[in-house]
> 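I'd like to ask some things about the structure below.
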There are 2 protein chains.
Amino acid sequence: MAGVTERMLALLATLQSGHTFTGPELATRLGVSARTLRRDITRLRSYGYPVHTQPGPGGYYRLATGAALPPLTFDDDEAVATLLALAALAARTPTTDQTGPAGRPGAVRDAATRAYGTLDQLLPARLRPRLVALRASLEASAFAMPPVSAEHLARLGEAIAAQEVVTFGYTDAGRARTERRVEPYRQVHHLGQWYLLAWDAGREDWRTFRVDRMTDLRRTHRPYTPRELPATSALAYLREGLQRDRHPATLVIEAPAEAVLEVFAFDDVTVEPLGPDRTRLTVAVDSWHRLLLGLAFLDADFSVTTAPELAEPFGVFGARLLAAAGSGTSAAAP
Amino acid sequence: MAGVTERMLALLATLQSGHTFTGPELATRLGVSARTLRRDITRLRSYGYPVHTQPGPGGYYRLATGAALPPLTFDDDEAVATLLALAALAARTPTTDQTGPAGRPGAVRDAATRAYGTLDQLLPARLRPRLVALRASLEASAFAMPPVSAEHLARLGEAIAAQEVVTFGYTDAGRARTERRVEPYRQVHHLGQWYLLAWDAGREDWRTFRVDRMTDLRRTHRPYTPRELPATSALAYLREGLQRDRHPATLVIEAPAEAVLEVFAFDDVTVEPLGPDRTRLTVAVDSWHRLLLGLAFLDADFSVTTAPELAEPFGVFGARLLAAAGSGTSAAAP
DNA sequence: ACAGATGCGGCCAGGTTCCGGCCACATCTG
DNA sequence: CAGATGTGGCCGGAACCTGGCCGCATCTGT
């Protein structure tokens, strides 16, 4: 709590992200009580910033666009966060997928690597030693991901802002290539992937596309009239769509809900406590392997309530494990 | 003159023009004494604003915006990559853990949110519209992670650069809290977590610590003489054993060596072909879970030749899988 | 229709911060 | 060297900020 003004600037920077925040959330971030936050918001309004609010459940604070902000700079923490974010992004390794059309120029990962190296040139000199030291101390593990073109994401962003139809070639999971003509609405980040939510003019329906699977992305400069989104948020729609392709499964696990949640934190799951040591887990995974890993970590009994297709791989692999366990014990006496 | 904050914002707005102003002039504009103006300038500087001044006749105050920077600035792709990286980092949600004392100040996530909102102001005006459009088009899914302190990471980075012993309190997975005194070497990013690789002076051995589990991190200003790292990279060490005990194990897998190598590419393994469809795998894993995942993906029979300690978990988990597989088939008709 | 979540603003007591004035000093121009 | 201008320490009184508590308004979901 170092001064009102600093906090106000932090509040502005936070709201400028364009997201919505609840009161308690903002108060926590700024390290003040909810009451003081309300006062800060009032103050912000008195200075002319258009802060929209919504009471009731799902209430929020949001900064309307178009506000002329004071010049904002990075403080230490922001510089550190930026460096870390870039480090994590730069650590991505292109999947050993088919190399495709001569590598993708302007891959986000490469740009992140370059930015990671030169970030300190951009920032005030006083942050430099800190960043240099930090960068020298970091190491990041590779994380296989299909390469995404920064140019594509930027171009889509502009098309969305301009409400302009775009066209591209799309290679779906089955390797079938089609030409698309869509009205783009949102770009959604989910589990390391970037998706585009758009109205597909050819199919006359909402679709999500993986940005990394697009080629020949072109803006047409032809405007479209916005439609109402098919869900409260693009993310919600994306989730629904992804679940459709995947295998939703429901399991009952003999472990506390917190433990289950911790193990599956990375995934798209719903956790529902059934008792102190019993939890229902609903999960949509693209393969049963990831599920397996989580279950192994939990070290608890479980049963599959829906998703009979899991029975076979679970049975086969369980048998293999038992066989290996048997062969192991025969030789040794620790 | 209604409050400090408003005056500070007015001061910023005034200085933002890029012109120079004398002290008395600014003081008059803001309606305060020259003394107070100096204090305001000091405050601005403490927030990170580069306010240039010049004493003597013709002296001035001037805000050095990002204009006069070295030629090395961000290009389009780098700016886009930075924005995306921050978006992903800002999307993190603190785990419901909440053990800590009511919110950790300086959480990386909060800083990332602010930086995400602010980034366009730091970059050349040319890039700004592009970034604004891009940011408005993005949405990111929440990602539960324990909050990490930016301050801790930065401080550790500096201690590593200075080769300085640090002390901290550490709460391990079992919630036991201990005081540590270590020689820090590297910070490693792995699956969304930050780890510190250090020589634990008390334990006389190498250890890895999760940065989010540290409290009261302090630099001692006591230098240490560097030791040879226990592995070629900190990451390799981390992979070998996140916990202290690493169990080397040897397995024979009924699959081609290339397939095995691909699955275990990121781990520290030795692969030795025994035949066209038979491979010996030597692996040092901290826990059997990771091994399990690889084996599941391989979809091949295997046997454990050394490492009897694997027999029990494999047996237990195999039995659980079989039980679940049985229960699944019995109930489902669809 | 009701309960609960969420935002709003009044009131108050305590303490932190801010303010203006004064001064000695550093730095630079002419 | 003189004067203009920025710097920062010190001080006492005043202004402001903060957190807690309250009752109220608004909205969602059951």
Side-chain angles (χ1 to χ4, degrees), chain A residues 1-12 14-15 19-64 126 229 231-233 235-236 240 270 272-273, chain B residues 1-12 14-15 19-64 93-94 96 98 101-103 105 142:
Chain A
M1 54 177 80
V4 188
T5 306
E6 185 168 25
R7 192 178 64 233
M8 295 294 288
L9 291 171
L11 177 56
L12 268 177
T14 304
L15 288 173
H19 298 144
T20 64
F21 301 87
T22 69
E25 158 116 42
L26 283 177
T28 306
R29 285 180 182 241
L30 300 173
V32 294
S33 72
R35 184 67 188 86
T36 297
L37 171 76
R38 287 201 293 279
R39 270 190 277 253
D40 285 355
I41 294 288
T42 305
R43 203 167 353 202
L44 222 48
R45 288 203 177 107
S46 80
Y47 300 158
Y49 291 98
V51 183
H52 289 192
T53 55
Q54 170 73 38
Y60 60 77
Y61 292 87
R62 191 166 60 81
L63 184 62
R126 59 171 239 286
L229 284 177
T232 54
S233 79
L235 185 58
E240 289 169 19
T270 311
E272 184 188 350
Chain B
M1 61 163 112
V4 188
T5 306
E6 186 166 21
R7 191 179 67 235
M8 295 297 286
L9 291 176
L11 177 56
L12 271 174
T14 306
L15 288 173
H19 299 147
T20 64
F21 301 87
T22 68
E25 172 166 13
L26 282 177
T28 307
R29 281 186 186 231
L30 300 173
V32 293
S33 71
R35 182 66 187 89
T36 298
L37 171 76
R38 289 201 291 280
R39 270 191 278 251
D40 285 356
I41 294 289
T42 305
R43 201 168 354 201
L44 272 192
R45 289 209 176 101
S46 81
Y47 299 159
Y49 290 91
V51 184
H52 286 196
T53 55
Q54 172 71 39
Y60 60 83
Y61 291 87
R62 189 167 61 83
L63 184 60
T93 300
T96 50
Q98 105 274 324

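Letters A, B, ... are given to chains in the order of the sequence lines, protein chains preceding strands, and every chain is numbered from 1. Heavy atoms only: backbone and side chains are in, while hydrogens, waters and symmetry mates are out. Everything quoted here is computed from the prediction, not taken from an experiment.
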> Which sits closer to the 5' end of DNA chain C, B:Asp40 or A:Tyr61, going by the nucleotide each is nearest to?
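Its nearest nucleotide being more 5', the pick is A:Tyr61.
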> Expressed in angstrom and rounded to an integer, what is the separation of A:His52 atom NE2 from C:dC8 atom P?
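So the two atoms are 12 Å apart, to the nearest Å.
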> For nucleotides 23-30 of chain D, read 5' to 3', which letter fits each nucleotide if B means a protein heavy atom sits under 4.0 Å from the base, S means only the sugar-phosphate is that close, and - means neither?
---BBS--
> Which of these passes side-chain contact (heavy atoms from CB on, under 4.5 Å) with A:Phe21: A:Leu11, A:Thr28, A:Leu26?
A:Leu26
> Counting side-chain heavy atoms from CB outward, which of C:dG21, D:dG20, C:dC18 is closest to B:Arg43?
C:dC18
> Quick one: A:Met8 CE to D:dC16 C1', roughly how many Å, whole number?
14 Å
> Restricting to nitrogen or oxygen on both sides, can you table the protein-nucleotides 13-15 of chain D pairs closer than 3.5 Å?
none

> Can you check the B:Leu30 CG to C:dG20 P distance for me, whole Å?
11 Å
> Can you check the A:Ile41 CD1 to C:dC8 P distance for me, whole Å?
8 Å
> For the helix from C:dA1-D:dT30 to C:dG30-D:dC1, how many degrees between its two end axes (five pairs per end), to the nearest 10°?
60°
> OH of B:Tyr60 versus C1' of C:dC28: gap in Å, rounded?
12 Å
> In whole angstrom, give the distance that lies between atom CG of B:Leu44 and atom P of C:dC18.
13 Å
> So, is A:Arg45 close to the C:dG7 phosphate, meaning a side-chain N or O under 4.0 Å from OP1 or OP2?
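Looking at the OP1 and OP2 atoms of C:dG7, neither is under 4.0 Å from any side-chain N or O of A:Arg45.
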> Of the nucleotides D:dC17, D:dG20, C:dC8, which one has an atom closest to the side chain of A:Ser33?
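Comparing D:dC17, D:dG20, C:dC8 against the side chain of A:Ser33, the answer is D:dG20.
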> Among residues at least two apart in sequence or on other chains, which ones pass side-chain hydrogen bond (donor to acceptor under 3.5 Å, both in side chains) with A:Thr36?
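In terms of side-chain hydrogen bond (donor to acceptor under 3.5 Å, both in side chains), with neighbours along the sequence ignored, A:Thr36 is linked to A:Ser33.
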> State which residues pass salt bridge (Lys or Arg N to Asp or Glu O under 4.0 Å) with A:Arg35; sequence neighbours excluded, sorted by chain then number.
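With neighbours one apart ignored, the set is empty.
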> Side chain of A:Val4: nearest nucleotide among C:dG9, D:dC17, D:dG19?
D:dC17
> Could I get a table of every N or O pair under 3.5 Å where one atom is in the protein and the other is in nucleotides 10-15 of chain C?
unit_1, atom_1, unit_2, atom_2, d
C:dG10, N7, A:Arg35, NH2, 3.2
C:dG10, O6, A:Arg35, NE, 2.7

> Once rounded to the nearest 0.5 Å, what's the spacing between atom NE2 of A:His52 and atom CG of A:Leu15?
11.5 Å
> Would the distance check show the side chain of B:Tyr61 and the main-chain N or O of B:Gly23 forming a donor-acceptor pair, the cut-off being under 3.5 Å?
no
